[in-house]
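Take a look at the structure set out below.
Chain letters run A, B, ... following the sequence lines, proteins first, then strands; residues in each count from 1. A quick note: this is a predicted structure, and the numbers were derived from the prediction, not measured.
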Amino acid sequence: MEGDEREARRQKLAALRDSGVNPYPNDFQPRHTTAEIKQLFEGADDVALESNTETVELAGRIMSQRDFGKASFLHLMDRTGQLQIYVKRNVIGDDAFGLFKQMDRGDIIGVSGKPFHTKTGELTIEANRLSLLGKALRPLPEKWHGLTDVEARYRQRYVDTLANEEVREVFHKRARIIQALRRFFVERGYFEAETPIMQSIAGGAAARPFVTHHNALDMDLYLRIAPELYLKRLLVGGFDRVFEIGRVFRNEGVSTRHNPEFTLLEFYQAYATYRDLMDLTEELFVHLADEIVENRVLRWEGHEIDLRPPWRRVSIPELVSERLSVPIDAVLDLDHKALRAAADRVGGPLRQDYVQKYGDAAAGYLLLDLFEAVAEPELVQPTFVERYPVAVSPLARRNAEHPNFVDRFELFIGGREMANAFSELNDPEDQRQRLEAQLRHRDAGDDEAHAMDEDFLRALEHGMPPAAGEGIGVDRLVMMLTDSASIRDVILFPHMRVEKI
RNA sequence: GAGCCGUUAGCUCAGACGGUUAGAGCAUCUGCCUUUUAAGCAGAGGGUCCCGGGUUCGAGUCCCGGACGGCUCACCA
């Protein structure tokens, strides 16, 4: 048994076709958007509208309808908003009104007519011609509650964005954020690059990749987990400032903070250090807040986030030493026994055997996990966390003073990692040793350890300028700037299991 | 991957203890209605109660299994 509504609409469609009307023509060109019409006439007084002889022509979807038998009000939505249309039988004629009766909420129509104000003062177009441009066979969701079922909203985003204006606004903001990012870097002399998404070695991050296959070449390829190694090749190649905004893919779990494919911004600047990037990052976030939210203090998930610089800068050894009462020297020496004792006090997953998994690099991994367990969730206000263990940062420059650590920071806002940056390692021999260490971790069972990339090492041997680089998760940035709780609310078509339709 | 919660008309939601024929609003259909805006009035139709088993005289409701979703955790350096 079919749904009543679809059957009724199919019958109207058939009736239209029978009477020689094409229900899906493409012969109407709107000359105005609803926003343009409002701008032209909203302030005009009734006398001026009365003497106005110009007709406007607009097109859009019928979002609501109030029917009076021989007249009808409806709201038409186009890309710029909604405008009320008034249809009167004695104006458009009996035949046209008969066709109009076959139209429904959800249909796409073209209208030409004259603006006027209703009794309640709403700018309205009195239609003198009206044509169907696309018959909808399925009904729109309820006008009052819209579409709230989250599964339906994600799977049928086209209905979500039709029915829910706030959702459209979030994605408009997302587009503006990406445009602002691009402008920010282009204005500062960065070259915008497009590097391979299909890679034969998935490097630049610690993550498991998706695998695909090239038939003609009969070779497996990976979807990239980061553009890093290609952007650094461009530093070697003479592009001193380079950035890329693009999709990366990580074969991991799905959550409110993780989508298997997400958008990453990476940028690299020669002759700069990670410290320079702290300043640049503050500048960038303030710029985005000004442009998108028009306020440097944001609401995000009930927190007030104060983006006004300077932001707090702390180091991992400091935080862990303080929270877990481990002497700072023991932390800086990566004293495995002291860190192990602290980890046992914290308990939970930290009880696992790091030595078996990471060998002599165990203390570095353990320290990072300690930091994440005790300090990360508390970092609500923007905080630069620096001084990462060298073992967990195979592509970062060693700190001159503390060679167990690298010149790296991560930015945390709202308890989430928002950015990751470091001074780049440009010593090809050190880089080779670090990647070899990663291979040992891989052999020991760490399937997220970094892969060897001989061409990348060859590039470094040509000489890479000293540089600093940073990656920013664009989806999380959009979440923050739109006060969204789930990454699925800022990705148009988030990943879902297959649905039986 | 684990725990908790959810899935009832196109949409938004009710359905005590297991008890006749599963309800409401919007939407749809019919009639009336030419300044309404959650238009109004009168009437009508619309259900694989997510799927499959089971218990029971009887299951939307209880039990088991599964699908999909949400949240939390794990994973995500």
Side-chain angles (χ1 to χ4, degrees), chain A residues 1-9 11-12 63-75 82 84-92 97 104-106 116-122 124 126 136-156 159 163 205-208 225-226 250-260 262 316 348-349 352 354 357-358 361 364-372 376 388-396 406 408 410 416-417 420 438 441 446-450 473 485-488 494 496-501:
Chain A
M1 182 67 126
E2 270 304 332
D4 237 17
E5 171 113 29
R6 278 174 75 196
E7 190 49 41
R9 285 172 182 242
Q11 278 170 16
K12 289 177 187 170
M63 297 305 289
S64 62
Q65 192 174 355
R66 292 165 294 285
D67 198 57
F68 288 83
K70 297 186 187 64
S72 188
F73 286 95
L74 44 99
H75 271 97
Q82 293 199 15
Q84 182 164 260
I85 309 293
Y86 186 40
V87 184
K88 278 203 286 191
R89 187 161 94 170
N90 65 347
V91 173
I92 66 165
F97 201 78
D104 292 294
R105 195 164 159 263
F116 74 106
H117 286 115
T118 62
K119 271 201 268 188
T120 55
E122 180 170 349
T124 301
E126 185 181 278
L137 293 180
R138 293 175 187 260
L140 286 173
E142 202 213 356
K143 59 189 167 192
W144 194 239
H145 299 92
L147 184 70
T148 61
D149 179 81
V150 265
E151 181 174 356
R153 287 187 43 230
Y154 296 151
R155 287 194 193 279
Q156 295 177 261
V159 181
R208 280 172 298 180
I225 56 176
R250 297 187 183 177
N251 207 336
E252 287 152 6
V254 177
S255 77
T256 50
R257 298 170 187 205
H258 300 269
N259 198 61
F262 62 99
I316 288 180
Q352 65 175 281
Y354 284 68
K357 196 167 173 190
Y358 301 114
Y365 283 91
L366 187 51
L367 176 59
L368 185 69
D369 285 355
L370 279 170
F371 156 70
E372 287 179 357
E376 183 179 305
Y388 280 70
V390 68
V392 301
S393 316
L395 303 168
V406 294
R408 169 182 176 189
E410 287 192 350
R416 292 168 170 81
E417 178 193 334
N420 176 25
Q438 289 289 312
H441 299 162
D446 178 4
D447 53 5
E448 285 166 7
H450 212 286
S486 169
I487 198 168
R488 294 181 207 111
M496 293 264 145
R497 288 178 202 268
V498 291
E499 166 198 33
K500 280 174 278 179
I501 301 177

By nearest atom, which of the nucleotides [options] is closest to the [X] side chain?
| X | options | result |
| --- | --- | --- |
| A:Ala8 | B:C33, B:C29, B:U12 | B:C29 |
| A:Arg497 | B:C68, B:U12, B:A27 | B:C68 |
| A:Leu368 | B:A39, B:U34, B:A77 | B:A77 |
| A:Lys12 | B:C11, B:U28, B:G69 | B:U28 |
| A:Val150 | B:G70, B:U36, B:C26 | B:G70 |
| A:Phe73 | B:U12, B:U34, B:U36 | B:U36 |

Whole-Å distance between [N] [atom2] and [X] [atom1]?
| X | N | atom1 | atom2 | result |
| --- | --- | --- | --- | --- |
| A:Glu5 | B:G47 | CD | P | 14 Å |
| A:Tyr154 | B:C68 | OH | P | 18 Å |
| A:Arg208 | B:A74 | CZ | P | 16 Å |
| A:Glu142 | B:A9 | CD | C1' | 13 Å |
| A:Gln84 | B:A39 | CD | P | 11 Å |
| A:Ile487 | B:C71 | CD1 | P | 12 Å |
| A:His75 | B:A27 | NE2 | P | 15 Å |
| A:Arg66 | B:C41 | CZ | P | 16 Å |

How is [X] classified with respect to the nucleic acid when contacts are heavy atoms under 4.0 Å: base, sugar-phosphate, or nothing?
| X | answer |
| --- | --- |
| A:Glu122 | base |
| A:Leu140 | nothing |
| A:Asp67 | base |
| A:Asp369 | sugar-phosphate |
| A:Arg416 | nothing |
| A:Gly146 | sugar-phosphate |

Got a donor-acceptor contact below 3.5 angstrom from the [X] side chain to the [Y] backbone?
| X | Y | value |
| --- | --- | --- |
| A:Arg9 | A:Ala136 | yes |
| A:Arg105 | A:Met63 | yes |
| A:Arg66 | A:Phe73 | no |

OP1 or OP2 of [N] under 4.0 Å from side-chain N/O of [X]:
| X | N | result |
| --- | --- | --- |
| A:Arg155 | B:G69 | yes |
| A:Lys70 | B:C33 | yes |
| A:Arg488 | B:C71 | yes |
| A:Ser64 | B:A38 | no |

Expressed in whole Å, how much space separates the [atom1] atoms belonging to [N] and [M]?
| N | M | atom1 | answer |
| --- | --- | --- | --- |
| B:A24 | B:C63 | C1' | 31 Å |
| B:A14 | B:C49 | C1' | 13 Å |
| B:C57 | B:G52 | P | 23 Å |
| B:G47 | B:G23 | C1' | 11 Å |
| B:G40 | B:G25 | P | 12 Å |
| B:C26 | B:G45 | C1' | 16 Å |
| B:C5 | B:C11 | C1' | 23 Å |
| B:G66 | B:G3 | P | 10 Å |

Is the shortest heavy-atom distance from the side chain of A:Lys357 to the side chain of A:His441 under 4.5 Å?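 No; the side chains remain at least 4.5 Å from each other.
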
Under a 4.5 Å cut-off applied to non-hydrogen side-chain atoms, are A:Glu417 and A:Glu376 in contact?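 With C-beta onward as the side chain, the pair stays apart.
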
Have a look at B:C5 and give me syn or anti from its glycosidic angle (syn if within 90° of zero).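 Glycosidic conformation of B:C5: anti.
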
Please classify B:A42 as syn or anti, treating any glycosidic angle within 90° of 0 as syn.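 B:A42: anti.
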
Any strand is fair game: report the nucleotide pairing with [N] by Watson-Crick or G-U wobble, both distances under 3.5 Å, or none.
| N | value |
| --- | --- |
| B:G40 | B:C32 |
| B:G1 | B:C73 |
| B:G45 | none |
| B:U55 | none |
| B:A27 | none |
| B:C68 | B:G6 |
| B:A16 | none |

Which atom pair, heavy atoms only, marks the closest approach of A:Arg155 to A:Val498? NH1-C, 4.2 Å

I need the minimum non-hydrogen distance between A:Pro394 and A:Ala391, along with the two atoms involved. CD-O, 4.4 Å

Determine, step by step, whether A:Asn420 and A:Arg408 satisfy the side-chain contact (heavy atoms from CB on, under 4.5 Å) criterion, reporting the C-alpha distance in whole Å, the side-chain angles of both residues, the deciding distance to 0.1 Å, and the verdict. CA-CA 8 Å; A:Asn420 176 25; A:Arg408 169 182 176 189; 2.9 Å; yes

Between A:Tyr365 and A:Tyr354, is the ring centroid distance below 6.0 Å? no

Which comes earlier along RNA chain B counting from the 5' end, the contact point of A:Pro139 or that of A:Tyr86, where each point is its nearest nucleotide? A:Pro139

Could you pick out which residue, A:Pro141 or A:Glu448, lies toward the 5' side of RNA chain B when each is mapped onto its nearest nucleotide?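 Whichever sits nearer the 5' end wins; that is A:Pro141.
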
Confirm from the modelled atom types if A:Glu151 and B:U7 form a donor-acceptor pair under 3.5 Å, side chain to base only.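 There is none.
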
Examine the base of B:U36 for any acceptor or donor lying under 3.5 Å from a partner atom in the side chain of A:Thr118, and report the outcome as yes or no.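 Between B:U36 and A:Thr118, which were checked side chain against base, a qualifying N/O pair under 3.5 Å is present.
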
Does the structure show A:Phe68 stacking with B:C33, if we require the centres to be closer than 5.5 Å and the planes to be within less than 30 degrees of parallel?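 Stack criterion not met.
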
